[in-house]
Amino acid sequence: MIRGTWFRSVVVAAGVLVLPSSVSLADQDIANDYPTIDRADYIFGCMQVNGNTREALEKCSCSIDVIASILPFEKYQHAATIKSLVLRGGESVAQFQSPASNLIVHDLKLAQVEGELRCF
């Protein structure tokens with residue numbers, strides 16, 4: 001059995017999805033709206049910063065789950081792209097340092113802080 005607070009068991013029997021009574025379909029939609037590759041990318045980066053340990057894996061997995069529960073994937077992707085471009089620097093990045101862009105990135109930072117508070 002896999003341990004961790006982020007793991008939810010799902011039983012598939014005869015082609016029918018059976019969810020535990022404590023998990024609603026709405027919860028599953030929220031939990032699964034981030035593509036696996038994006039979750040894995042976040043966890044990989046988080047683990048690099050926090051040590052490549054099993055404990056870091058659990059905490060980083062929890063953190064992206066919290067972020068996913070706060071921000072829809074489209075907003076997460078938009079903010080992460082802006083952050084990445086701004087870190088590169090240069091003249092062409094000036095358009096991404098507008099108040100509107102800063103607000104988008106601010107929402108991601110708030111979600112990340114919430115993830116850290118809940119998981120670390």
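With rounding to the nearest 0.5 Å, the separation of CD1 in I64 from CG in D41 is 9.0 Å. Rounded to the nearest 0.5 angstrom, L57 CG and C62 SG are separated by 11.5 Å. Between the CD1 atom in I67 and the NZ atom in K75 there is a gap of 14.5 Å [rounded to 0.5 Å]. Atom CZ of R118 is separated from atom OG of S63 by 10.0 Å, given to the nearest 0.5 angstrom. Within the model, atoms NZ of K109 and CD1 of I104 stand 13.0 Å from one another, a figure rounded to the nearest 0.5 Å.
Both L108 and I43 belong to a common hydrophobic cluster when Ile, Leu, Val, Met, Phe, Trp and Tyr are linked at side-chain heavy-atom distances under 4.5 angstrom. In this structure, V86 is not a member of the same hydrophobic cluster as L71, with clusters built from ILVMFWY side-chain heavy atoms closer than 4.5 Å. Hydrophobic clustering of Ile, Leu, Val, Met, Phe, Trp and Tyr side chains at less than 4.5 Å, counting indirect connections, keeps V105 apart from V66.
L103 CG: more than 12 foreign heavy atoms inside a 6.0 Å radius. Under a cut-off of 6.0 angstrom, the local environment of CD in E55 is sparse, with at most 12 non-hydrogen atoms contributed by other residues, nucleotides or ligands.
Among residue pairs with one or both ends in residues 80-120, none qualify as ring-ring contact (aromatic ring centres under 6.0 Å, His included); sequence neighbours excluded.
Residues satisfying the salt bridge (charged side-chain N to carboxylate O under 4.0 Å, His left out) criterion with E116, sequence neighbours excluded, are absent altogether.
Taking the six-membered ring where the residue is Trp, Y76 and Y34 present tilted rings, their angle falling between 30° and 60°.
Contact record, S101 with Q95: OG-O, 4.1 Å, taken as the closest heavy-atom pair. In terms of heavy-atom proximity, M47 sits nearest to T53 at CE-O, 3.7 Å.
Side-chain contacts under 4.5 Å among hydrophobic residues (ILVMFWY), followed directly or transitively, place V113 together with L117.
Proximity of a side-chain donor or acceptor of N50 to a complementary backbone N or O of C46 within less than 3.5 Å is detected.
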Is there a side-chain contact (heavy atoms from CB on, under 4.5 Å) between I70 and E114 once you walk through the steps? CA-CA 9 Å; I70 295 170; E114 185 66 26; 3.6 Å; yes
Go through the steps to decide whether Q112 and Y42 satisfy the test side-chain contact (heavy atoms from CB on, under 4.5 Å), and finish with yes or no. CA-CA 11 Å; Q112 288 174 322; Y42 178 90; 3.9 Å; yes
